[in-house]
Structure formats: structure tokens, C-alpha cells
Visitor: 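Structure incoming, see below.
We use all heavy atoms of the structure for the numbers below, so side chains are in, but hydrogens, waters and symmetry mates are not.
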Amino acid sequence: MPPLKPDLGARLNRELQRSVLRARNGIRIVSGASKPQVGATPKDVVWKRDRAELWRYRGGPIRWDPPIVFVHSLVSRSYIMDLRPGSSTVEFLLGSGFDVWMLDWGIPDERDADNTFETYVDEYLSGALDALRRETGSDEVTLIGYCLGGTFAILYAAGREDAGVRNLVLLASPMDYSEMGAMVAAVLDGRLEPDELVDETGNVPADLLYTAFFMQAPTTEIAHYATLLENLWNDEFVEAWQAMAQWSREQVPFPGAAMQQVVEQLVRRNVLMTGRMQLNGREVDFTNVRGNVLNAIADRDKVVPLAAAEPANALVGAPDRRDELRLSGGHVTFFAGRYAQTHTLPALTSWLVDRSDELDPAKER
């Protein structure tokens, strides 16, 4: 038998090594022995009310003002913004010299069933930002709202004379709910009523929310597993895959009263497309956002499709202060993966730096 060619031998040896790694990593995933390190950036709890908490992240000097506050959605865990070391939006912005905060809603239970948009905007968001101003002495903030958190951020920024929002960033924030997919379609045509969604706690259970997101793109999970099998030998890829898979499954219950508002106002009446919404008896006009507005949208987002998020370009803020950041990719493009680190976050940071004040000297945290 003739000897193997050197390049063929090297390829066979590489595949043998990868097969060993695939087996090892597969066993770790199936057994649950390998857990991703998520939400690892050090932080302090600065304010708390009910289940909601305001976090201030630690790490490096502050070179830019105003502070950045993430306003998270209600349907998932906020660690998507701080997914894992080396793939973290929070970590990236800290490294760029920003003072980074997170308003985390916690995990709702029966005590939160009556929470409404008014609760989240006029009580929690307002109270958290008052605490931030006391802590920092800053009169202004940059709000970054993700998904429904973007709606809350709009309502706060447009609905208060003293909002002090210099910059408003919307990440995958839906405006046109008629473009939001199968679950919304079921509500629109009367096949699904809000009362049918809640459980004995008065909230929409997390499992139902996960099913709703699965309905948005039913083939996505199969594709994710296929990609995992292809890259199972790669420790870095496996860790990143596990972190994202864990986050996508860790939905949290949705307060029943807020869900009623989503269904009746955002879905059936599609009020966000009017550019106005009633909140606590007052009409909030989205063009009253006085700061700079950046609408970040992704071409292949299956969770919040482009057609659902794009209308914010014409509805929020003053026309001469609106910008769009259009990304090539899907929903995770905003937070995780190589594209986020090489394109999304540098572009977002550049936009923020241009609209922030440089501190000289920098502040120590």
C-alpha cells in the first residue's frame, strides 16, 4: 500500500481530532455538564422597585456623557445585552468609555399581573432614571430600547417635558404590528383572545411566549442545530451557540394587563403606526422626542421583521434628527456573533460618540 500523501494525511489527522472534540462537546451538551457564562460583567444594583432593578456596570474610566441606559423587553432575559465575555454589548460600550446601565424588569409573578404600560413607563422607568440622575448628577441620558423596551423608551422620551433624553436608540423595536407574523395574525383574525393566553397567575406563561417566537420562524431551530453539528468540534463556537440557545429558551412570563394592551392597542388597533398613543390619560405624540433618534433594523430579522421596525424612521422624533442603522443579518446581529462585534457595535458606538460629550479628565467609576 503506497504511503499517504502529506496533505491527505494532515486532513485525516485534523478530522480525527475534530471527531474527538465533537464527541466530547456533544456529551457535555447532552449531559448539561457544560454551561455558558452569561451576564458576567460586574454590576451594582442602584435602584429597585418590586421586581424591577436598575444596574450600573463596572469597568474602566468614563470618557463620555450622558450615561447609557438599556431599556429591556418584557419577554426575555436582559443578559442578551451581556451575553458572554468577548461577545457582550455592555462590555463593548464599557470598553469604549461609556457609563452603562440596565433597567431589568425581573421575572414577573402573580404580583405583577396588573402591571400596565403606565406601570413600566411612568413608575419603573421614571423612578429608575430619577435614581440615575441622583447617582450621577447628569441631567441627560441615552436610552437604548430593545423590542418592546423601545416602545417604553419612546413613550417616556416623548411623553415628558423633563425627559432629558439626548439620544434614543431603538433596537429591533416593532412599530407596525400587522407585519409581526403568525401569532399576531391569529389575534387579528379572532382565533386567539387575550384572556386565553393567561394562566392562573394572571400572566402569559413563558412556554407560550417561546412557542409564539418559534411560530415566527419555525425552521430556524432546525438550522441552528444543523450549524451546531457542523461546528461541534469548535469550542468557541459551541460556547457561543449554547449561550444564545439558553437565552432564546429563557423567556419570562408576560404580565396579563400589559398583554391586554399589546393585543388591543398595538395589534388590533395598530396604534403605534398613528405616531401617537394614550398613556395615563394623556396623548403621547412620538414626534415630541426632542433628542437624536437612531433606528437599528436588520434585513433578515425573523422575530421583528424589517417591515415591522422600519416605520419608526418616519414616526419618532424630529425629521432632521432621525438616523437609521441598517444591518445585514438576523435578530442576533444586534447583540452577538462576529458581525455584532465587527459591524453593529462599532457603528452604534460611533453614532453615540458623535452625540456625546467627551469628559476631560475622564471619571473613575
Side-chain angles (χ1 to χ4, degrees), residues 71-77 80 105 116-117 120-121 144-155 169-198 203-221 223 247-249 251-278 286 295-316 324-327 329-335:
V71 183
H72 193 58
S73 181
L74 286 179
V75 297
S76 59
R77 307 294 181 106
I80 185 60
W105 308 117
T116 61
F117 282 29
Y120 291 103
V121 176
I144 301 182
Y146 166 57
C147 197
L148 187 59
T151 303
F152 294 160
I154 292 169
L155 291 171
V169 179
L170 306 175
L171 299 179
S173 188
M175 297 293 289
D176 187 351
Y177 274 73
S178 70
E179 299 287 349
M180 282 292 285
M183 186 77 165
V184 165
V187 172
L188 277 173
D189 64 18
R191 287 182 287 124
L192 197 58
E193 293 296 331
D195 291 345
E196 298 172 352
L197 303 176
V198 300
N203 301 313
V204 181
D207 288 347
L208 181 57
L209 293 168
Y210 176 75
T211 301
F213 283 113
F214 179 80
M215 288 170 64
Q216 296 284 83
T219 62
T220 298
E221 188 165 5
W247 175 78
S248 67
R249 286 174 173 77
Q251 309 298 317
V252 297
F254 198 106
M259 177 56 73
Q260 184 79 28
Q261 288 176 297
V262 169
V263 169
E264 296 299 336
Q265 298 189 53
L266 305 193
V267 176
R268 290 182 173 161
R269 293 171 52 201
N270 209 7
V271 297
L272 298 186
M273 288 299 291
T274 71
R276 300 167 181 270
M277 185 173 176
Q278 292 289 323
F286 302 162
N295 189 30
I297 54 182
D299 288 336
R300 297 190 299 277
D301 192 338
K302 298 295 193 298
V303 178
V304 181
L306 191 69
E310 197 171 24
N313 296 341
L315 294 172
V316 182
E324 178 188 89
L325 176 59
R326 187 174 292 237
L327 305 168
H331 199 62
V332 300
T333 296
F334 297 98
F335 318 110

Visitor: Hey, could you give me the CE/CG distance between Met175 and Leu315, rounded to the nearest 0.5 Å?
Guide: 4.5 Å

Visitor: Mind checking the CD-OG spacing from Gln251 to Ser73? Nearest 0.5 Å is all I need.
Guide: 8.5 Å

Visitor: Please tell me if the side chains of Phe286 and Thr274 come closer than 4.5 Å, counting only heavy atoms from C-beta onward.
Guide: no

Visitor: Quick one: are Leu272 and Met277 in side-chain contact, heavy atoms under 4.5 Å?
Guide: yes

Visitor: State whether the side chain of Asn313 and the backbone N or O of Glu310 hold a donor-acceptor pair below 3.5 Å, judged by distance alone.
Guide: yes

Visitor: Which value, rounded to the nearest 0.5 Å, describes the distance between Asp299 atom CG and Arg326 atom CZ?
Guide: 5.5 Å

Visitor: Kindly write out the residues that satisfy side-chain contact (heavy atoms from CB on, under 4.5 Å) with Ala296, not counting sequence neighbours, or none if the list is empty.
Guide: Leu171, Leu325, Phe334

Visitor: Could you work out, with side chain to side chain donor-acceptor pair (under 3.5 Å) as the rule, every residue matching Asn270, not counting sequence neighbours?
Guide: Asp176

Visitor: To the nearest 0.5 Å, what is the distance between OG (Ser173) and CG (Asn295)?
Guide: 7.5 Å

Visitor: What class does the angle between the rings of Phe117 and Phe152 fall in, given that below 30° is parallel, 30 to 60° is tilted and above 60° is perpendicular?
Guide: perpendicular

Visitor: Using side-chain heavy atoms (C-beta onward) and a distance below 4.5 Å, is His72 in contact with Arg77?
Guide: no

Visitor: Given Gln261 and Leu266, is the side-chain contact (heavy atoms from CB on, under 4.5 Å) satisfied, shown in steps?
Guide: CA-CA 7 Å; Gln261 288 176 297; Leu266 305 193; over 6 Å; no

Visitor: Check Pro174 against Thr151 and note the closest heavy-atom contact, atom names and distance.
Guide: O-OG1, 4.2 Å

Visitor: Quick check: closest heavy atoms across Phe254 and Leu148, and the distance to 0.1 Å?
Guide: CZ-CD2, 3.7 Å

Visitor: Heavy-atom distance under 4.5 Å between the side chains of Val71 and Trp105, does that happen here?
Guide: yes

Visitor: Show your working on side-chain contact (heavy atoms from CB on, under 4.5 Å) between Val252 and Val75 and close with a plain yes or no.
Guide: CA-CA 5 Å; Val252 297; Val75 297; 5.6 Å; no

Visitor: Whether the side chain of Asn203 engages the backbone of Pro205 through a donor-acceptor N/O pair (distance < 3.5 Å, no angle test) should be reported.
Guide: no

Visitor: How about Val271 and Arg276: do any of their side-chain heavy atoms sit closer than 4.5 Å?
Guide: no

Visitor: Rounded to the nearest 0.5 Å, what's the gap from CG on Leu170 to CD1 on Ile297? Could you check?
Guide: 10.5 Å

Visitor: Could you state the interatomic distance from CD (Glu179) to CG (Leu306), rounded to the nearest 0.5 Å?
Guide: 9.5 Å

